[in-house]
2 protein chains.
Amino acid sequence: MTILRTPLADGSARGIPDATVARLPVYLRALNALTEQGVSTCSSNDLAENAGVNPAKLRKDLSYLGSYGTRGVGYDVEYLRYQIAREIGQTQDWDVVIVGVGNLGSALSAYQGFSTRGIRVAALVDADPKRVGTTISGITVSSLDDLPAIVEERAISIGIIATPGTAAQEVADRLVAAGVTSILNFAPALVQVPDGVDVRKVDLSIELQILAYHEQRKAGNDKVVGA
Amino acid sequence: MTILRTPLADGSARGIPDATVARLPVYLRALNALTEQGVSTCSSNDLAENAGVNPAKLRKDLSYLGSYGTRGVGYDVEYLRYQIAREIGQTQDWDVVIVGVGNLGSALSAYQGFSTRGIRVAALVDADPKRVGTTISGITVSSLDDLPAIVEERAISIGIIATPGTAAQEVADRLVAAGVTSILNFAPALVQVPDGVDVRKVDLSIELQILAYHEQRKAGNDKVVGA
DNA sequence: CGGATTTTGTTAACGCGTTCACAAACTCTT
DNA sequence: AAGAGTTTGTGAACGCGTTAACAAAATCCG
């Protein structure tokens with residue numbers, strides 16, 4: 001089975017590379033920052049600097065979306081912001097459900113950064129009966145058993161796993177069974193899902209372990225040459 | 001100025017690709033899982049499946065470390081585990097300081113997954129006087145002003161930024177000034193650091209925005225062809 | 001002991017992403 | 001109106017990472 005890239009309404013095939021998709025939210029944030037500074041037009045150099053990327057890469061990325069700049073002038077901040085927002089689906093809010101309201105799940109439910117990026121924590125779910133019924137960040141925690149009803153009622157397509165690693169696979173299975181088709185997994189475990197379901201994994205330990213590796217090298221025996 | 005890859009004690013130059021370094025902790029976790037299952041020897045297929053990667057990629061990755069397997073047999077789980085642990089510096093514990101004890105910082109300080117991966121949260125720091133002096137996860141929160149003393153005293157080289165985005169750059173500057181040379185940044189902001197300092201960024205919103213992009217495509221107009 | 005079998009380590013091909021470099025297109029100045 | 005100056009959009013080169021494929025090296029079995 002092969003899934004084709006989505007064709008446009010005008011028939012042109014448009015496949016945006018994964019690497020580019022991952023940077024579009026960064027550009028969006030940079031554009032928001034520029035708007036707050038009262039900047040209404042910017043060059044690819046300006047925007048690239050704000051986003052922390054190479055200007056050529058930025059222009060290449062934007063070229064996948066269309067031709068939204070003006071040669072000799074630059075980009076209209078507000079116009080480009082809207083185009084990117086539309087492309088990544090941020091003209092609407094996305095309801096998500098968080099499974100597991102331990103320390104991490106609670107912190108995520110209170111995270112300020114979501115709402116401004118079109119993410120709304122719509123429901124909290126936990127397997128522990130002692131936690132069910134409590135209120136966290138203004139949301140009443142529901143039972144894991146109620147997941148299918150919650151997902152259907154609120155048309156939720158994105159779930160967040162914030163449980164211990166041992167529970168991750170079962171939670172993933174239940175999320176998929178309930179109808180969720182995208183999962184963000186914070187648990188330190190690999191989860192298997194059927195085709196058609198996207199999983200992204202954030203592993204807090206691994207990020208630190210990568211830093212530790214480089215630290216070890218620095219402390220050990222790096223050599224610096226040149227001027 | 002150019003930084004060379006670290007040569008080995010035996011003089012052979014060994015540069016491990018970044019992509020491989022990022023996967024070594026995953027292999028470590030998979031090996032630990034196998035040990036718990038009582039498996040003492042495994043093939044690259046077994047291990048790759050547990051780690052969720054292509055077997056060829058696994059063997060390629062391991063080949064950067066050395067030749068720790070036996071043809072026709074496979075890998076000794078415990079031996080390989082030790083070799084990887086040594087390579088990524090996990091034979092020692094790494095002390096880290098968390099700056100910002102809001103919801104996220106508090107959750108990180110309580111995170112169980114760190115200790116088993118050689119990460120020890122050694123200190124908590126916050127700029128808010130109301131938080132200074134309180135105890136979180138058994139650690140007394142110190143003032144941001146005490147950062148240099150804390151970093152020096154405990155020989156900390158890794159710092160975690162868990163503040164709002166607006167404070168991120170100043171915190172990064174102070175971490176660097178205090179002597180920290182690796183930073184894990186959870187704040188939704190770009191931070192600039194001098195050469196020689198590593199920064200990794202985890203952006204919770206962006207992960208969800210990427211999922212939302214794919215959701216939009218699924219819901220919109222994907223086409224499926226073939227059998 | 002020798003051939004069949006297994007599995008690693010490595011080389012080579014492939015593909016994706018990044019970066020360079022420049023023509024095209026726009027503004028500004030005179 | 002024409003030339004000088006900007007800045008985008010993109011074709012081409014490059015480099016890195018992934019994957020396939022296979023020789024080398026070990027075990028197993030008759």
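Values below: all heavy atoms of this structure, side chains included; hydrogens, waters and symmetry mates excluded. Naming: A, B, ... by sequence-line order, numbering from 1 per chain.
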Item checked: Check: A:T35 side chain, A:L31 main-chain N or O, donor-acceptor pair, under 3.5 Å -> yes
Note to self: Strictly under 4.0 angstrom, non-hydrogen atoms only: write out the protein contact profile of nucleotides 21-26 of chain C, one letter per nucleotide from the 5' end, B, S or -.
What the structure shows: B-BBBB
Next item on the list: Would you list the pairs meeting side-chain hydrogen bond (donor to acceptor under 3.5 Å, both in side chains) in which at least one residue belongs to residues 49-59 of chain A, sequence neighbours left out?
Entry: A:S44-A:R59
Checklist line | Between the first and last five pairs of the helix from C:dC1-D:dG30 to C:dT30-D:dA1, the angle of the axes, rounded to 10 degrees | finding: 0°
Note to self: Would B:E215 and A:T181 count as a side chain to side chain donor-acceptor pair (under 3.5 Å) here? Give the steps.
What the structure shows: CA-CA 8 Å; B:E215 276 303 319; A:T181 47; 2.6 Å; yes
Check: Is there a side chain to side chain donor-acceptor pair (under 3.5 Å) between A:D46 and A:S43 once you walk through the steps?
Finding: CA-CA 5 Å; A:D46 298 336; A:S43 69; 3.3 Å; yes
Check: Is the distance between the ring centroids of A:Y75 and A:Y68 less than 6.0 Å?
Finding: no
Next item on the list: Output, in order, the C-alpha distance, side-chain angles, deciding distance and verdict of salt bridge (charged side-chain N to carboxylate O under 4.0 Å, His left out) for A:R81 and A:D76.
Entry: CA-CA 8 Å; A:R81 198 203 61 76; A:D76 183 280; over 6 Å; no
Next item on the list: Applying side chain to side chain donor-acceptor pair (under 3.5 Å), run through B:E36 and B:N32 and close with a yes or a no.
Entry: CA-CA 6 Å; B:E36 282 172 21; B:N32 286 332; over 6 Å; no
Item checked: C:dT6 OP1/OP2 closer than 4.0 Å to side-chain N/O of B:Y75 -> no
Notebook entry, point to check: Side chain of A:S205, backbone of B:G113: donor and acceptor closer than 3.5 Å?
Noted result: yes
Notebook entry, point to check: Is the backbone N or O of B:G100 less than 3.5 Å from a side-chain atom of B:T163, with the two atoms forming a donor-acceptor pair by type?
Noted result: no
Margin query: Taking A:A187's backbone N and O only, do any of them form a donor-acceptor pair with A:K201's side chain (distance below 3.5 Å, no angle check)?
Written below: yes
Notebook entry, point to check: CD1 of B:I16 versus P of D:dT18: gap in Å, rounded?
Noted result: 14 Å
Note to self: Any residue in residues 33-50 of chain A with a heavy atom nearer than 4.0 angstrom to DNA chain D? Just list them by number, or reply none.
What the structure shows: A:S43, A:S44
Within the sub-3.5 Å range, which N or O atoms of nucleotides 14-18 of chain C have a protein N or O partner, and how far apart are they?
from	atom 1	to	atom 2	distance (Å)
C:dT18	OP1	A:R23	NH1	2.7
C:dT18	OP2	A:R23	NH1	3.4
C:dT18	OP2	A:R23	NH2	2.8

Next item on the list: Report the residue from B:Q216, B:Q209, B:R217 that forms a side chain to side chain donor-acceptor pair (under 3.5 Å) with B:Y213.
Entry: B:R217
Notebook entry, point to check: Rounded to whole angstroms, how far apart are CG on B:D76 and P on C:dT8?
Noted result: 13 Å
Next item on the list: Using a cut-off of 6.0 Å, state whether more than 12 heavy atoms not belonging to A:Q37 lie near its atom CD.
Entry: yes
Item checked: Atom pair distance, as rounded to whole Å: CG in B:L62 and P in D:dT18 -> 13 Å
Note to self: If the condition is ring pair (Phe, Tyr, Trp, His ring centres under 6.0 Å), which residues does B:Y82 pass it with, not counting sequence neighbours?
What the structure shows: none
